[in-house]
Chemist: 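This structure is in structure tokens; I'll ask about it shortly.
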Amino acid sequence: MSRIVIIGGGLGGLTAAALLGWSGHSVTLLESAPAVGGKSRRIVLDGQHLDTGPSLFTFPAVWEELLRRLDTASPHRRISGQTQLELERLPEVGQYYYRDQTTPLPVPEGHPWHPAWERFAAMHGPLGPDITRLLTTAPMAREAYPSLARLGTLYGRHLTTRSYLDSLTWLPQGLREVIAIHTLNAGVGPSRTPALYASMPAVMAQDGVWVPRGGVHELMKALERLAIEGNVDIRTNSQVRSLGPGKVSTGDATYPADVVVSGIDETRLGALLGRESRADGSRQSCSAIGVYASLKEPLPEGTARHSVVLPDSPAALYRSLYNQQEPEQTMAFVNYYPAEHVPANNADTLALLLTSPANGRRYHLTSDFVKRELQRVGKVMGLPAPVESYIKEHQVLDPHYFSAAGAPGGALYGRIRPLWMSGPFHQPSSHSLRHRWLWRVGASIHPGGGLPAVMGGAMMMVDRLSQSLGRAGSR
């Protein structure tokens, strides 16, 4: 049994804690905030519960794989019913608005894009099991070879999302942009992400997008319960001040550690290791401005639960974000939660997320950029009144907020990495070569894969760590 200290109670840290605790190790998780969850937190406005951070749950088979691994790690212990997630499948991936076209995904019959979408979906929709396998399996593992081969055959010599989509000359330009905009889930434009991202909308349309009953934060609560059932000692309000071989210190207490697992951003980790932050010219991935609101009255009947409003020029948006400049128009996610879908609520709520540069700034409803985008979103979606008129109480989370506990400028996925190091399957440095006792998990080493990639990355890290501990114990 090893003594393991995990720094950070976000998705990656909680997943690793549960796996290591169920495997019999002595695990302590230190979280600086009053509650675990990382970017996924729960706020209350006018008595209504709203979840911040990720808004959709994709590839639910990754969750099932986690439960299977826990069962395998500790067959004598049963997973309690309290840790189960009740997943609700949304009727569509979302409603998309681009210039003069509006369509849900999947594109319905009668829409001018439907024939092209059907052809595209037939090519990419069946890839769900392959992507799930790759999300939870080491890239060079033998069982990953068939899936890698299928993806390689599909994309051919086209390495980026942009080059691959541009090679599909039969795909309407508007639909091409709707598919390509999903690369902003990695914080960068389609010319800087692997071709794999082109497949994601079709896979999500076939396999579904989901929301845990009660909100995405229910996933964090379920992971916390799993960790506690694995005898993990979770300590909140515990800000780590220093770490080194054999110990982690919060200032108030020192924890002995054979292994340290970091679930925090690489810049913060570097500071704890005594490395000075330096301006190395690295570009940062995008940030966001989240407007969370309780509503005075419901939005018009038929408003989609999840909508995406694209800019008129996606290329201009990608350039602005790369150069860390405010765009003229941005991409807006509009997540609408009728009260009946959130058991704790008695009024409708709204989360409106504006993609922004990682500039570290504060924003308000009255900021020019926010006002302009709210006006545009309301007009594009055909709302009969301005968005602001629906809002009863609100809170804005901006790049300044995200920078406080994350990457410089509030970059959601840290610095932009080279193409071959980007995407949900690659872990740039889950194990430190300089500090052999240090391992890493979390979104900063799995940029742009969403919830399943961070969970899968933690599973792969724990596999490697367990092998390392096994070799050490046999010596």
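All heavy atoms count here, side chains included; hydrogens, waters and symmetry mates do not.
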Chemist: Give a yes or no on whether a salt bridge exists between R319 and E328, defined as a side-chain N under 4.0 angstrom from a carboxylate O.
Modeler: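 No, this pair does not count.
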Chemist: Give a yes or no on whether a salt bridge exists between R99 and D312, defined as a side-chain N under 4.0 angstrom from a carboxylate O.
Modeler: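 Not counted as a salt bridge, because no side-chain N and carboxylate O are separated by less than 4.0 Å.
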Chemist: List the atom of G456, the atom of V62, and the distance in Å for their closest heavy-atom pair.
Modeler: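 Scanning both residues, the minimum pair turns out to be N-CG1, 4.2 Å.
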Chemist: Is it true that E65 and R133 make a salt bridge, defined as a side-chain N closer than 4.0 Å to a carboxylate O?
Modeler: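 R133 and E65: not salt-bridged.
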Chemist: Given 3.5 Å as the limit, does a donor-acceptor pair link the side chain of S163 with the main chain of T160, or not?
Modeler: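 Present.
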Chemist: Measuring from atom CD1 of I234 to atom CG of L30, what distance do you get when rounded to the nearest 0.5 angstrom?
Modeler: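 Atom-to-atom, I234:CD1 and L30:CG are 10.5 Å apart.
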Chemist: Would you mind checking if K221 and E224 are paired as a salt bridge, meaning a charged N to carboxylate O distance below 4.0 Å?
Modeler: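 Salt bridge flag = no for K221 with E224.
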Chemist: Can you check whether L299's main-chain N or O pairs, donor with acceptor, with T303's side chain at less than 3.5 Å?
Modeler: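 Between the backbone of L299 and the side chain of T303 there is no qualifying donor-acceptor contact (under 3.5 Å).
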Chemist: I want to check something: taking the side chain as every heavy atom from C-beta on, are V308 and M331 in contact at a cut-off of under 4.5 Å?
Modeler: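 A side-chain contact exists here, since the closest heavy-atom pair is under 4.5 Å.
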Chemist: As a quick check of understanding, evaluate salt bridge (Lys or Arg N to Asp or Glu O under 4.0 Å) for R69 and D463, giving each step before the final call.
Modeler: CA-CA 10 Å; R69 292 189 183 209; D463 284 345; 2.9 Å; yes
Chemist: Any luck finding a side-chain donor-acceptor pair between S147 and D130 under 3.5 Å?
Modeler: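 Yes.
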Chemist: Given D166 and R176, is the side-chain contact (heavy atoms from CB on, under 4.5 Å) satisfied, shown in steps?
Modeler: CA-CA 8 Å; D166 286 349; R176 197 177 303 165; 3.5 Å; yes
Chemist: Say you draw a straight line from CD1 of I289 to OG1 of T355; how long is it, rounded to the nearest 0.5 Å?
Modeler: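 These two atoms lie 9.0 Å from each other.
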Chemist: I'd like to know if the side chain of D398 reaches the main chain of Y363, judged simply by a donor and an acceptor atom lying under 3.5 Å from each other, with no hydrogens or angles considered.
Modeler: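 Checked: pair present.
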Chemist: Does any N or O in the side chain of H217 come within less than 3.5 Å of the main-chain N or O of L50, such that one atom is a donor and the other an acceptor?
Modeler: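 No; judged by distance alone, with no hydrogens or angles, the pair does not exist.
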Chemist: Would you compute the distance between atom CG of L135 and atom CD1 of I131 and round it to the nearest 0.5 angstrom?
Modeler: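 Here the interatomic distance stands at 7.0 Å.
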Chemist: From T193 OG1 over to N185 CG, what is the distance, rounded to the nearest 0.5 angstrom?
Modeler: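 The OG1 atom of T193 sits 10.0 Å away from the CG atom of N185.
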Chemist: Does the side chain of E88 reach to within under 4.5 Å of the side chain of W210, using non-hydrogen atoms?
Modeler: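 Sidechains of W210 and E88: no contact.
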Chemist: Would T161 and T183 count as having a side-chain donor-acceptor pair, cut-off 3.5 Å?
Modeler: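 There is no such pair (donor and acceptor under 3.5 Å, judged by atom type) between the side chains of T161 and T183.
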Chemist: What are the two closest non-hydrogen atoms of E177 and L310, and how far apart are they?
Modeler: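 E177 and L310 have their closest heavy atoms at O-CD2, 3.7 Å.
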Chemist: Using the side-chain contact (heavy atoms from CB on, under 4.5 Å) rule, take M220 and L11 through it: C-alpha gap first, then chi angles, then the decisive distance, then the call.
Modeler: CA-CA 7 Å; M220 306 302 167; L11 178 64; 3.9 Å; yes
Chemist: At their closest point, which heavy atom of L321 faces which heavy atom of P357, and how far apart are they?
Modeler: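 Minimum heavy-atom contact is CD2-N, 3.6 Å.
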Chemist: Going by heavy atoms in the side chains, are L168 and F120 under 4.5 Å from each other?
Modeler: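 L168 vs F120: side chains touch.
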Chemist: Any luck finding a side-chain donor-acceptor pair between S199 and Y155 under 3.5 Å?
Modeler: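 Yes, Y155 and S199 have a side-chain donor paired with an acceptor closer than 3.5 Å.
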Chemist: I would like to know whether D71 and R68 meet salt bridge (Lys or Arg N to Asp or Glu O under 4.0 Å); could you show each step before the answer?
Modeler: CA-CA 5 Å; D71 273 332; R68 186 194 69 77; over 6 Å; no
Chemist: Answer yes or no for R464 and W439: cation-pi contact, defined as NZ/CZ to six-membered ring centre under 6.0 Å and angle to ring axis within 45°.
Modeler: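 Cation-pi check for R464 and W439: fails.
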Chemist: Does a side-chain heavy-atom distance below 4.5 Å link I228 with R225?
Modeler: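 The answer is no; the side chains never approach within 4.5 Å.
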Chemist: Would Y96 and H306 satisfy ring pair (Phe, Tyr, Trp, His ring centres under 6.0 Å), going step by step from the backbone distance to the final call?
Modeler: CA-CA 9 Å; Y96 290 77; H306 178 67; 7.2 Å; no
Chemist: Do Q329 and E373 come close enough that some side-chain heavy atom pair is under 4.5 Å?
Modeler: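 Result yes, sub-4.5 Å side-chain heavy-atom pair found.
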Chemist: May I ask you to test the L317-L184 pair for a side-chain heavy-atom distance under 4.5 Å?
Modeler: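 With C-beta onward as the side chain, the pair touches.
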Chemist: Hey, does the side chain of Q324 reach the backbone of A358 with a donor-acceptor pair shorter than 3.5 angstrom?
Modeler: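 Yes: the side chain of Q324 pairs with the backbone of A358.
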Chemist: Can you check side-chain contact (heavy atoms from CB on, under 4.5 Å) on D258 and W437, steps first, answer last?
Modeler: CA-CA 7 Å; D258 302 308; W437 44 270; over 6 Å; no
Chemist: Return yes if some donor-acceptor pair links the side-chain N/O of S287 with the main-chain N/O of G410 below 3.5 Å, else return no.
Modeler: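 Indeed, once roles are kept as given, a pair shorter than 3.5 Å links the two residues.
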Chemist: Could you tell me whether the side chain of W22 and the main chain of L226 form a donor-acceptor pair under 3.5 Å?
Modeler: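 Pair found, side chain donor or acceptor close to backbone of L226.
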Chemist: Apply side-chain contact (heavy atoms from CB on, under 4.5 Å) to residues Y292 and I43 and explain how you reach the verdict.
Modeler: CA-CA 9 Å; Y292 298 89; I43 60 177; 3.9 Å; yes
Chemist: How long is the span from the CG atom in L273 to the OG atom in S432, to the nearest 0.5 Å?
Modeler: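 The OG atom of S432 is 7.5 Å from CG of L273, to the nearest 0.5 Å.
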Chemist: Donor-acceptor pair, D51 side chain versus R42 backbone, under 3.5 Å?
Modeler: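 Such a contact is absent between D51 side chain and R42 backbone.
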Chemist: Is the backbone of R162 close enough, under 3.5 Å, to the side chain of Y197 for a donor and an acceptor to pair up by distance?
Modeler: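 Side chain of Y197 to backbone of R162, a donor-acceptor pair under 3.5 Å: no, none is there.
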Chemist: Closest heavy-atom contact between V211 and S55?
Modeler: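 V211 and S55 have their closest heavy atoms at CG2-O, 3.8 Å.
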Chemist: With side chains defined as the heavy atoms from C-beta onward, is the minimum distance between T136 and M455 less than 4.5 Å?
Modeler: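 Heavy-atom side-chain distance check fails, nothing below 4.5 Å.
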Chemist: Heavy-atom distance under 4.5 Å between the side chains of T103 and P108, does that happen here?
Modeler: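 Side-chain contact under 4.5 Å: yes.
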Chemist: So with a 6.0 Å cut-off around CD of E109, is the heavy-atom count from everything else above 12?
Modeler: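 Incorrect, the count does not exceed 12.
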Chemist: Could you grab the distance from atom CG of L272 to atom OG1 of T267, nearest 0.5 Å is fine?
Modeler: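 The OG1 atom of T267 is 11.0 Å from CG of L272, to the nearest 0.5 Å.
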Chemist: Say whether, by atom type as modelled, one donor and one acceptor occur between the side chain of S285 and the main chain of Y413 under 3.5 angstrom.
Modeler: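 The answer is yes, because a donor-acceptor pair under 3.5 Å joins these two groups.
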Chemist: Which heavy atom of H25 sits nearest to which heavy atom of L469, and what is that distance?
Modeler: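 Looking at all heavy atoms of both residues, the closest pair is CE1-CD1, 3.7 Å.
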Chemist: Please confirm whether R305 makes a cation-pi placement over Y337, using NZ or CZ under 6.0 Å from the six-membered ring centre and within 45° of the ring normal.
Modeler: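 The answer is no, since R305 fails at least one limit relative to Y337.
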Chemist: Measure across G409 and S403 and return the closest heavy-atom pair with its distance rounded to 0.1 Å.
Modeler: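 Scanning both residues completely, I find the closest heavy atoms to be C-CB, 3.8 Å.
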Chemist: Classify the angle between the aromatic ring planes of H124 and Y164 as parallel (below 30°), tilted (30 to 60°) or perpendicular (above 60°).
Modeler: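 Judged by the thresholds at 30° and 60°, the geometry between H124 and Y164 is perpendicular.
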